[in-house]
Amino acid sequence: MSSDGPYSRYTAPSSSSSSSNPYGQSYSGSGAYSAPGYGAPGGQQGAYGSGPPPGGYGSSYSAPQYGMPGSFPGQPEKNELEKGKKGKKSLALQALNQNVFLWAGFFSASLFVYFVLSGGDFSFLMTYGAMSRMFGFGILNFKTFKSQRATGVSKKTLHLYTLVFLFRLSSIVRHEGYLPYDKSGDWLYHVIEIMSLSFTGCALWACSGPFKSTYQADADKFGEYNVPSGYGAIYLAVPVLVISIVFHPNLNSDFFSDVAWTYAMYLESVALLPQLWMFQKQANGVVELLTAHFVAALGFGRIMEFVFWMYSYHELATSAGSKLPGYLALLSQFGQLLLMVDFFWYYFSAVKNATPLVLPSHSTGGNMV
């Protein structure tokens, strides 16, 4: 068919030349239609698939991998979680190291005293028990003044221990019947008891003076029944005094001195009751670790004395030869350790795991008399 007629087929120009229609479209010589590049800047022309503009349709999209750390905004990365775990382990290890160093220092000092200042006699256990008490009250003062808080400390226990040290010193300063046999009984035992009394008085002053606002009087309610607030310890101090007057040994051959030492011995066996009571009455049951060290040191000292009197109780006889005071001394010390078994279990678990010491809370219970 001729190409000159009105129905003739259009023949595109050769590849060397190109023509544009009034709308700016170009036609290639191969007969293929090239669509305009919609959205191309400045009227640029291009076919589909020739490459989308930046940010346009056709750009690659990567779907998030659900369940993986960092899939959503705000979700911590895996390495951040691992860093957090390592940080917690590091803090726990640091606390555990502090506990180890604390007791390691005490045991090192004990060895020095045993080999240098003691004659190595079995009665050194009495001195060792006194050292542990002094160590405990030293920890309590360190905790109180460093944190500037008296939280978790029972003033009733401090009152009772003040009486313990006062009465014991009034006996051992004037007479020698209840002193250790070795050379630590010449002067060291006296110094340790004086230091313990000083530490106890200092802690009591801190709870009643500069840090009074942090003292938890609402939890320190032991024995407060028909007595003024803060005088609950009288239910322990008075009965024990009566027992001491009736049943006491006679090693000093002096009524006041013998009763004073016996009173200190019996009273110490119950002096920790207000503190243990306070632990259980705290709302959350959490005990500060340094306060726990304080109580544990007193308990450890009691264990040392209990071991000593197991083999020496027969010496605590009355003027008539009765060994009943010796039996009462053993019974009172054993009773104290029995009451502390529960505490020791939670204490060793806390120290081992470098975690706060948490005791079962009985905040809803009645007052102990």
Side-chain angles (χ1 to χ4, degrees), residues 98-113 124-147 149-169 184 188-207 211 220 233 264-265 267-279 287-308 332-333 336-337 339-348 350-351 357 359:
Q98 290 176 353
N99 299 329
V100 171
F101 291 147
L102 194 69
W103 283 97
F106 168 69
F107 289 130
S108 299
S110 303
L111 290 175
F112 172 80
V113 171
F124 173 74
L125 288 177
M126 289 185 65
T127 306
Y128 198 20
M131 285 180 59
S132 186
R133 283 192 299 268
M134 182 184 68
F135 172 62
F137 283 103
I139 293 175
L140 180 62
N141 279 274
F142 174 76
K143 173 259 178 191
T144 303
F145 285 94
K146 182 181 179 182
S147 64
R149 292 184 295 112
T151 53
V153 180
S154 171
K155 285 173 61 175
K156 294 181 177 67
T157 286
L158 296 179
H159 286 141
L160 293 174
Y161 266 102
T162 300
L163 291 176
V164 167
F165 295 127
L166 280 174
F167 276 85
R168 182 176 288 138
L169 282 169
S184 67
L188 181 61
Y189 188 81
H190 302 76
V191 172
I192 292 174
E193 291 294 301
I194 292 172
M195 290 295 296
S196 297
L197 176 61
S198 302
F199 287 157
T200 307
C202 187
L204 188 57
W205 171 78
C207 293
F211 312 127
D220 194 12
M265 163 71 78
L267 187 61
E268 187 177 356
S269 299
V270 296
L272 267 178
L273 284 179
Q275 183 66 69
L276 297 175
W277 171 268
M278 187 177 183
F279 284 163
V287 179
E288 295 180 55
L289 203 50
L290 283 177
T291 307
H293 285 316
F294 153 65
V295 176
L298 299 184
F300 179 76
R302 208 53 169 164
I303 292 174
M304 296 296 100
E305 290 191 344
F306 179 68
V307 173
F308 172 77
S332 62
Q333 294 181 42
Q336 178 186 356
L337 297 177
L339 288 172
M340 296 187 68
V341 167
D342 192 48
F343 168 82
F344 278 131
W345 170 258
Y346 289 103
Y347 172 76
F348 286 123
V351 171
L357 191 151
L359 295 174

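Counting from 1, the numbers follow the sequence of the chain as shown. All values below come from the heavy atoms of this structure, side chains included, with hydrogens, waters and symmetry mates left out.
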Those residues at least two apart in sequence (or on a different chain) that pass side chain to side chain contact (heavy atoms under 4.5 Å, CB included) with Met340 are Leu272, Leu276, Val295, Gln336, Phe343, Phe344

About how many Å separate [atom2] of [Y] and [atom1] of [X], when rounded to the nearest 0.5 Å?
X      : Y      : atom1 : atom2 : result
Leu140 : Phe145 : CG    : CZ    : 9.5 Å
Asp342 : Phe279 : CG    : CZ    : 12.0 Å
Phe106 : Met134 : CZ    : CE    : 8.0 Å
Phe137 : Leu158 : CZ    : CG    : 6.0 Å
Thr157 : Asp220 : OG1   : CG    : 7.0 Å
Lys155 : Met278 : NZ    : CE    : 10.5 Å

Residue list, salt bridge (charged side-chain N to carboxylate O under 4.0 Å, His left out) with Lys143, at least two apart or on another chain
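If we apply the salt bridge (charged side-chain N to carboxylate O under 4.0 Å, His left out) test to Lys143, skipping adjacent residues, the hits are Glu288.
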
For the residue pair [X] and [Y], what are the closest heavy atoms and their distance?
X      : Y      : value
Tyr128 : Ser110 : CE1-OG, 2.9 Å
Gly299 : Leu337 : O-CD2, 4.0 Å
Cys207 : Ala150 : SG-CB, 3.7 Å
Val164 : Ala264 : O-CB, 3.4 Å
Val287 : Thr291 : CG1-CB, 4.3 Å
Leu169 : His190 : CD2-O, 4.2 Å

Can you find a pair of side-chain heavy atoms, one from [X] and one from [Y], that are under 4.5 Å apart?
X      : Y      : answer
Phe308 : Gln333 : no
Phe142 : Leu290 : yes
Lys156 : Trp277 : no
Phe300 : Phe135 : no
Ser269 : Arg302 : yes

In a check of side-chain contact (heavy atoms from CB on, under 4.5 Å) between Ile139 and each of Leu102, Thr144, Leu298, which one passes?
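Among Leu102, Thr144, Leu298, the one that satisfies the side-chain contact (heavy atoms from CB on, under 4.5 Å) with Ile139 is Leu102.
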
_The test is side chain to side chain contact (heavy atoms under 4.5 Å, CB included); show your working for Tyr161 and Leu204 and say whether it passes._
CA-CA 10 Å; Tyr161 266 102; Leu204 188 57; over 6 Å; no

Quick note, side-chain hydrogen bond (donor to acceptor under 3.5 Å, both in side chains) partners involving residues 132-141, not counting sequence neighbours, are Arg133-Glu193, Arg133-Glu268, Arg133-Glu305

